[in-house]
Amino acid sequence: MLAKLSQLPIGVRQYMLVTFNYWNFTLTDGALRMLVVLHFHQLGYSPLEIASLFLFYEFFGVVTNLIGGWLGARLGLNRTMNIGLFMQVVALLMLAVPSVNLTVIWVMFAQALSGIAKDLNKMSAKSAIKTLVPNNQQGALYKWIALLTGSKNALKGVGFFLGGTLLTLIGFQGAVISMACVLAGVFVCSLLWLDKDLGKAKKKVKFSQIFSKSRSVNILSAARMFLFGARDVWFVIALPLYLGQVFGWDYVLVGGFLAVWVIGYGLVQSIAPRITGKTEGMVPDGRAALVWATILAVVTGTIALALQFNWYPQLVIIIGLMLFGAVFAINSSLHSYLIVSYAEGDGVSLDVGFYYMANAIGRLIGTLLSGAIYQMYGLSICLWIAFVFIILTTLISWWLPIKNSELLMPKDMGFK
């Protein structure tokens, strides 16, 4: 096996290592999120208090994406990825203390480290693909970004199930310790084999360059902020608690259901190029983002309306969530391709980092609203807010460039 791997082109080997790092990190990130939500709900925390535990996680994600892109361009993506892996190990070990020491402040600081780690890892992985695929192969770029993003979210779904299962079988402390040990091994492998100059800008990058000067990147970033705010405002806190409180589901069932949803979401992301035009030999542009945002708004509004009138809520939540996930996955995959396509080749992590800063702002807003609105008004109002956010995404997407729809995708899917 090792002999066969050594014969592969260096770009392919680096892609496989970046993906391996990203996969393992994502597995622990998904499991940790589910562990925190369910464990602290078990301890008697209110939805708003649980949301507050993620405040630093999301806030420092905003800061990390803004500065992390500059660090990635200046230091190299290998260093930012490895720093992310190491910080996640530390964050997991911080949560391994006895339950009596798990104060709100302690957990928030651990989550802050985890949030920094997650966004360093994600920014590094997405940016690395741009450096490994030639600029004239936009079809190849779309394919590899879709595969990376889709597989990541599928594994995040496995992480949700893993979190609920580990909480039931070995408890909170046992779960975080076991995940820290696995990720420590991944960190060592990354230190040994990841290219030391991966993604490092050829020119000196000034700190003032952390804000994007590209109109396309700025518009897409604004659309992304509201898109992910719309997802998290009802999915991240409100939905898991609703499934347990209203439907009476246990931890394993809640984690399992959300795992199936995220796995399906990831699989749809992986095949998004086929759905959005690959079979006709085209790559998507701003028009595609506008169309799919409109479809998502219709789906979300329909779910909110049905739940508002209490029309078969269990059936609506299960089927509606699956439909929402499929359409949202296509939107997310389109955005992930467009940002890497719009980004400058030298110092790509600057534009990608700025874009994911907007993503993190949306998640921060969505997470806080998810706990607060669910506690005060219930799940249906969370869905109406999601609907408004997606309408804003649709309106913003109107200004995205429309110029790539006739661009033929090369058949060559090779790396540099």
Side-chain angles (χ1 to χ4, degrees), residues 26-58 88 91-115 118 156-183 232-262 313-314 317-318 321 363 366-379 382:
T26 298
L27 194 63
T28 65
D29 186 58
L32 182 58
R33 177 168 287 268
M34 188 58 58
L35 280 165
V36 170
V37 171
L38 298 180
H39 180 64
F40 285 91
H41 175 64
Q42 186 181 41
L43 295 178
Y45 283 57
S46 70
L48 184 56
E49 288 173 329
I50 294 173
S52 71
L53 296 176
F54 293 98
L55 177 62
F56 281 5
Y57 177 93
E58 302 295 355
Q88 182 76 338
L92 288 166
L93 293 176
M94 283 182 67
L95 294 172
V97 299
S99 295
V100 293
N101 300 120
L102 285 176
T103 63
V104 171
I105 296 299
W106 182 262
V107 175
M108 289 177 71
F109 273 108
Q111 289 288 82
L113 284 180
S114 183
K118 184 261 295 183
K156 189 169 185 177
V158 175
F160 284 170
F161 177 73
L162 179 65
T165 303
L166 288 176
L167 183 61
T168 302
L169 296 178
I170 60 177
F172 186 80
Q173 278 72 32
V176 293
I177 290 172
S178 62
M179 292 192 298
C181 291
V182 171
L183 211 57
D232 285 7
V233 74
W234 74 289
F235 183 81
V236 68
I237 302 293
L239 184 62
L241 299 184
Y242 181 88
L243 295 175
Q245 293 174 345
V246 178
F247 294 169
W249 293 4
D250 61 23
Y251 294 149
V252 174
L253 189 55
V254 171
F257 175 72
L258 295 180
V260 169
W261 184 85
V262 178
Q314 193 156 346
I317 288 295
I318 294 173
L321 184 63
R363 290 175 57 91
T367 298
L368 292 176
L369 288 177
S370 186
I373 299 301
Y374 178 72
Q375 183 172 318
M376 293 186 288
Y377 303 110
L379 185 63
C382 291

Inset, instruction - List the steps and the verdict of side chain to side chain contact (heavy atoms under 4.5 Å, CB included) for Leu321 and Trp234. - result: CA-CA 11 Å; Leu321 184 63; Trp234 74 289; 3.1 Å; yes
Distance-only donor-acceptor pairs under 3.5 Å for side chains of residues 240-250, two or more places apart:
| unit_1 | atom_1 | unit_2 | atom_2 | d |
| --- | --- | --- | --- | --- |
| Gln245 | OE1 | Tyr374 | OH | 2.8 |
| Asp250 | OD1 | Val252 | N | 3.4 |
| Asp250 | OD1 | Leu253 | N | 2.8 |

Side-chain donor-acceptor pairs under 3.5 Å in residues 170-183, sequence neighbours left out?
| unit_1 | atom_1 | unit_2 | atom_2 | d |
| --- | --- | --- | --- | --- |
| Gln173 | NE2 | Val97 | O | 2.9 |
| Ser178 | OG | Gly174 | O | 3.2 |
| Ser178 | OG | Ala175 | O | 2.8 |

Hey, can you pull the donor-acceptor pairs under 3.5 Å for the side chains in residues 100-115, sequence neighbours left out?
| unit_1 | atom_1 | unit_2 | atom_2 | d |
| --- | --- | --- | --- | --- |
| Thr103 | OG1 | Trp106 | N | 3.2 |
| Trp106 | NE1 | Met94 | O | 2.7 |
| Ser114 | OG | Gln88 | OE1 | 2.9 |

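Residues Phe235 and Val262 meet the side-chain proximity criterion, which asks for heavy atoms closer than 4.5 Å. Contact of the Leu95 side chain with the Leu35 side chain is not registered, since no non-hydrogen atoms from C-beta on lie closer than 4.5 Å.
Sorted by first then second residue, the salt bridge (charged side-chain N to carboxylate O under 4.0 Å, His left out) pairs that include residues 159-182, not counting sequence neighbours, number zero. Within the structure, every pair that satisfies the side chain to side chain donor-acceptor pair (under 3.5 Å) test and touches residues 32-43, not counting sequence neighbours, is listed here: Arg33-Glu58.
Rounding to the nearest 0.5 Å gives a distance of 11.5 Å between CG of Leu369 and CD1 of Ile237. The CD1 atom of Ile50 lies 9.0 Å from the CG atom of Leu43; values are rounded to the nearest 0.5 Å. With values rounded to the nearest 0.5 angstrom, Lys118 atom NZ is found 4.0 Å from Tyr57 atom OH. Distance check: Thr168 OG1 to Leu38 CG gives 8.5 Å after rounding to the nearest 0.5 Å.
With hydrogens and angles disregarded, a donor-acceptor distance shorter than 3.5 Å links the side chain of Ser370 to the backbone of Ala238.
Asp232 is linked by a side-chain hydrogen bond (donor to acceptor under 3.5 Å, both in side chains) to nothing, counting only residues two or more places apart in sequence or in another chain.
Across every non-hydrogen atom of Val37 and Val236, the tightest pair is CG2-O, 4.2 Å. In terms of heavy-atom proximity, Ala51 sits nearest to Gly371 at CB-CA, 3.9 Å. Shown here for Val158 and Leu27, the closest heavy-atom pair between the two residues is CG1-CD1, 3.8 Å.
Between Phe160 and Trp261, the gap from one ring centroid to the other reaches at least 6.0 Å.
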